[in-house]
Amino acid sequence: MDKEHLIDLISNSIISEIKDLKINEEKLIANNYLNNLNLNQLRMISKEFIL
């Protein structure tokens with residue numbers, strides 16, 4: 001799984017859990033944060049949110 005796909009999966013999972021916040025703003029913040037991580041860090045995060 002590539003980095004962009006992981007970012008999309010994690011972002012969508014995070015956003016679905018944070019229903020009270022503005023989705024567009026939170027997605028932008030989440031994407032910026034996730035883009036700064038390396039692939040191994042993204043894999044670790046994905047295990048927490050996707051499983």
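A distance of 11.5 Å separates NZ of Lys47 from CD1 of Ile10, quoted to the nearest 0.5 Å.
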Would you give me the side-chain donor-acceptor pairs under 3.5 Å for residues 28-36, sequence neighbours excluded?
residue	atom	partner	partner atom	Å
Asn31	OD1	Ser11	OG	2.8
Asn31	ND2	Lys27	O	3.4
Asn32	ND2	Leu28	O	3.3
Asn35	ND2	Asn31	O	2.9
Asn36	ND2	Asn32	O	3.1

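Take Gln41 and apply the side-chain contact (heavy atoms from CB on, under 4.5 Å) test, not counting sequence neighbours, and it matches Leu37, Asn38.
The shortest distance between side-chain heavy atoms of Asp2 and His5 falls below 4.5 Å. In this structure, Leu39 and Leu6 have side chains that are in contact, with non-hydrogen atoms separated by less than 4.5 Å.
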